[in-house]
Amino acid sequence: MPLSLRLSIADTLTLGNATCGFMAVYFTTTGILIPHLQGSQETGMARHSAATAVILMLCAAVFDLFDGLVARKLRSSPMGAELDNLSDLISFGLAPAYFVLVYGMVADDAHQRVAAVGAIVVLLAVVLRLARFSCVTVKDGTFQGMPSPFGALTVVSIVLLELPFVATLLAILGTAWLMVSRVEYPKPRGPLAVAMLSWIVTSMGLLAAWAFDAPGGQLLLQTGCALQLVLGAVIPLFATARRVNNFRDNRREARAAQLP
């Protein structure tokens, strides 16, 4: 095959990301939306399907984390960057936006058309964020705006918290704004990558406990979702603190250079 069409190991992981995103849409449709339209009162199936859909988004985030690491260690094909953006659009744009749309259709206090607008805003925020990522060069070690995987998980966490509709919508719009903002987020490398992977695995456990109606599962899930929101607001502070420390170090070096 031509070199431009050969898939690397990193590209295979990226395709796993896209597959997880598509399957998240599938479970959201077959396990939540269709039973609701058919008038089913079985809440257990909807809970299992919602948990499965979110776990698949978490798996997509794991694939997204490792495809970058593998690409840096080994190699990536000429299609790597394009494949990564297209896969991220499915898993962290379409899947969470569709999750919000279905929430607007099945929740008791939700407004379907307003929720559809919120879903469109999430999708467009991810589209704009991915396009800007491809065109804009930022400082090494940071992202400009909330990374789309973290944004997607924050959006579904907001929905799973089961807040009043207005609060849910405002939080979703705020997350979409963070994704297209200039707020800096550190890239998951080294200890931060390990911490992120640990958090994803913990989140899967919380979702499983909730899906199987384990004792305290609902409280554990809500605690995890609330912590996801807190992390979304706190993590940029680390990048800001690092920037402030770098500025102070540069000033000290400049003053030391001026001394006789």
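- Linking Ile, Leu, Val, Met, Phe, Trp and Tyr residues whenever their side-chain heavy atoms come within less than 4.5 Å leaves L173 and V180 in two separate clusters.
- Distance CZ/F63 to CG/D84: 13.0 Å, rounded to 0.5 Å.
- Two residues are said to be in side-chain contact when any heavy atoms from C-beta on lie closer than 4.5 Å; T168 and Y103 meet this criterion.
- Not counting sequence neighbours, the partners of V25 by the side-chain contact (heavy atoms from CB on, under 4.5 Å) test are T29, L94, A95, Y98.
- Inter-residue side-chain proximity for L178 and T154 is flagged as unmet; no heavy-atom pair is nearer than 4.5 Å.
- Taking all atoms of both residues into account, the shortest heavy-atom contact from M146 to G151 is SD-CA, 3.3 Å.
- Y185 places a side-chain N or O within 3.5 Å of a backbone atom of G232 that can act as its donor or acceptor partner.
- With hydrogens and angles left out, the side-chain atoms of W210 and Q222 include no donor and acceptor closer than 3.5 Å.
- Cluster annotation: M105 is not connected to I120 through the hydrophobic network of ILVMFWY side chains, with a link wherever side-chain heavy atoms come within less than 4.5 Å.
- Counting heavy atoms from C-beta on, the side chains of V126 and D88 never come closer than 4.5 Å.
- Within the 4.5 Å cutoff, the side chain of D213 has heavy atoms near those of the R47 side chain.
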Can you list the steps and then say if T52 with L56 is a side chain to side chain contact (heavy atoms under 4.5 Å, CB included)?
CA-CA 6 Å; T52 302; L56 283 165; 4.1 Å; yes
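- Here the shortest heavy-atom pairing between S87 and A18 reads OG-CB, 3.5 Å.
- Heavy atoms only, all atoms of each residue included: T30 and P35 are closest at O-CD, 3.2 Å.
- The two atoms that bring L161 and A226 nearest to each other are CD2-N, 4.1 Å, heavy atoms only.
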Mind running side chain to side chain contact (heavy atoms under 4.5 Å, CB included) on Q228 and W199 for me, showing each step along the way?
CA-CA 9 Å; Q228 175 72 29; W199 172 240; 2.8 Å; yes
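- In terms of heavy atoms, V100 sits closest to A119 at CG1-N, 4.0 Å.
- Side-chain atoms of L153 and L58, non-hydrogen and from C-beta on, do get closer than 4.5 Å to each other.
- What you find for R129 and Q144 is that their closest heavy atoms are NH2-O, 3.6 Å.
- Residues L163 and V54 share a single hydrophobic cluster, defined by chaining ILVMFWY side chains whose heavy atoms lie under 4.5 Å apart.
- Dense packing is recorded around CZ of F165, with more than 12 heavy atoms of other residues, nucleotides or ligands lying under 6.0 Å away.
- Hydrophobic clustering keeps V183 apart from L124 (ILVMFWY residues linked when any side-chain heavy atoms are closer than 4.5 Å, directly or through intermediates).
- Here the side chains of K187 and P147 are not in contact, with every heavy-atom distance at 4.5 Å or above.
- Taking 4.5 Å as the limit, every side-chain heavy atom of R113 sits out of range of all side-chain heavy atoms of V117.
- Checked options V201, N17, L197; the residue passing with V62 is L197 (criterion: side-chain contact (heavy atoms from CB on, under 4.5 Å)).
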Mind running side chain to side chain contact (heavy atoms under 4.5 Å, CB included) on F212 and H48 for me, showing each step along the way?
CA-CA 7 Å; F212 291 100; H48 279 78; 3.7 Å; yes
Derivation of the side chain to side chain contact (heavy atoms under 4.5 Å, CB included) call for S148 and L130:
CA-CA 8 Å; S148 52; L130 293 173; 3.9 Å; yes
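- Residue L227 holds its CG atom at 9.5 Å from OG1 of T202, rounded to the nearest 0.5 Å.
- A single hydrophobic cluster is not seen to contain both M23 and I55; linkage of ILVMFWY side chains at heavy-atom distances under 4.5 Å, directly or through other members, places them apart.
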